[in-house]
Protein chains: 2
Amino acid sequence: MTITILIVEDEPILQEMISLNLKRAGLIALCADNVEQAKRIIINVLPDLVIIGGILSSMEGIEFARRLKIEERTKSIPILMLTAQDQGSEIIADLVVDVEDYIIKPFSPHELIARIKAVLRRRLPEMADEIIQWGGLKLDPTTHRVHVYTKDEQLEPAEITLGPTEFRLLHFLMINRERVHTRAQLQDRLWGDHVFIEERTIDVYIRRLRTTLKAVGKENLVQTVRGIGYRFSVE
Amino acid sequence: MTITILIVEDEPILQEMISLNLKRAGLIALCADNVEQAKRIIINVLPDLVIIGGILSSMEGIEFARRLKIEERTKSIPILMLTAQDQGSEIIADLVVDVEDYIIKPFSPHELIARIKAVLRRRLPEMADEIIQWGGLKLDPTTHRVHVYTKDEQLEPAEITLGPTEFRLLHFLMINRERVHTRAQLQDRLWGDHVFIEERTIDVYIRRLRTTLKAVGKENLVQTVRGIGYRFSVE
DNA sequence: ATAAAATTTTACAAATTCGTGACAATAGCA
DNA sequence: TGCTATTGTCACGAATTTGTAAAATTTTAT
């Protein structure tokens, strides 16, 4: 799966820096020096994320973002803005209601990549049909199977069976491993906004998942963060 | 941060029920019996969310929602509609394109609050979730973990566990490190201004934080500024 | 040096949160 | 059709967290 990112940035050095770092992270970068160019690109390619850079100061950036959010074809594309330090953050927050996230300059490449990944994860969390393997568990979304690798070198990995909900829960937790999720977040992601369930129901599914994992000797993979939520972690 | 919610609902009992539950959840509720009254309120106060109730049946509600979405000043306010069961949900979905979300009556108070929070959560920008590293402490808001780097070059940084409040306290102090915070400021930022706390309580949490830090050899990171408040400092 | 003020500890009860087992309702399937 | 798996809820108890009051200690001012 390839992810395409459109960068709208008039400063050549910054543009280069961003594009380089994106490539290094395995993402495809398209660059535009101005809004007109960006519009032309979007006609042909629908990016997974748009980064709007320094042109913000001219208000052109905000206008462009708004335009993207209005059009049906583009309105679900997340937008990340790079804003200058000196503009009051309240003003920015007011202006950029259509924007998914923003970074205040100057920022480190590392920070940029982290933020991009965060935005993408929020948008396309379970798009990956890829096999995910972590903490001795191998989960295959296509075959809907989970295998367990035990420590004692049995060549035969045991297979465990999970109910549909438990499977989705484990999948989500494994994709976003190490990250704590509140019950509300899990509810949003696994049940959707329009299905109403008690928050405690999530505890129950966590328990069911834990029980089956414990049966094959995998304890402590699904952890409780008291007062916050749950987390999948390999220590 | 206070969140204000405008309720437009002509049924007094329902209005009362909603407003009561909002207050209990720490949200400020403004009530209007009809659309005219609601308009007058909006001139003075810009709410963070509008709940439109039973008046929907008269089409007045939809018209009102549309009006809100057109005006520049109000168009970014999310709208939550309470709709009656008997109206076909497809019809409603068609009509209320301007609405962020809707609940079908009858609903439980709990469900209402959950939905409100979901709508607000979607709108509010993600909290600053960058890793903060200072004074030998590394705090990661996404994984909700704190690691300690000891001087004696152990490659394994120790992990410490903090209660939710201690964690938030440390996070806040680290973000605003070197700056002194009065107890009142800490109270505002960590508990919000609608929760009443004894000022001494903050001393207690400072102490709890200090105790766990001291246990891993990190003394003097949280400092007292006598007569003013507290500060996180790396000397 | 002594009283007053501010902060640190200690101890404790109330409130909250979490794990668990049991249960009815529902959906899926043979 | 009946059987089985799944789904979501609830209530209870255990563990943890929360906020407070009050005693003990430290610092400051007189």
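Here is the naming used below: chain letters follow the sequence lines, and residue numbers restart at 1 for every chain. Since we're looking at a predicted model, the values are computed, not measured.
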Figure out the [atom1]/[atom2] separation between [X] and [N], and round it to whole Å.
X	N	atom1	atom2	answer
Arg208(B)	dT16(D)	CZ	P	14 Å
Tyr205(A)	dG19(C)	OH	P	17 Å
Leu209(B)	dT18(D)	CG	P	13 Å
Asp203(B)	dT20(D)	CG	C1'	12 Å

> Any chance the rings of Phe172(B) and His181(B) have centres within less than 6.0 Å?
Replying inline: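 Yes: the rings meet the under 6.0 Å criterion.
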Ignoring backbone atoms, test whether [X] places a side-chain nitrogen or oxygen under 4.0 Å from the OP1 or OP2 oxygen of [N].
X	N	result
Trp191(A)	dT7(D)	no
Arg210(A)	dG19(C)	yes
Thr224(B)	dT8(C)	yes
Arg226(B)	dT26(D)	no
Arg183(B)	dT7(C)	yes
Tyr230(A)	dG19(C)	yes

> Between Tyr205(A) and Arg208(A), is there a cation-pi geometry (under 6.0 Å to ring centre, at most 45° from the normal)?
Replying inline: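 Yes.
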>> Salt bridge or not between Glu159(A) and Arg145(A)? Use side-chain N to carboxylate O under 4.0 Å.
In response: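 Between Arg145(A) and Glu159(A) there is a salt bridge, with a charged N closer than 4.0 Å to a carboxylate O.
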> From dT8(C), dT20(D), dT7(D), pick the nucleotide closest to the side chain of Thr201(B)?
Replying inline: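 The nucleotide sitting nearest to the side chain is dT20(D).
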> Going by atom types only, do Thr224(A) and Arg210(A) share a side-chain donor-acceptor pair under 3.5 Å?
Replying inline: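 Checked: Thr224(A)/Arg210(A) side chains pair up, N/O donor to acceptor below 3.5 Å.
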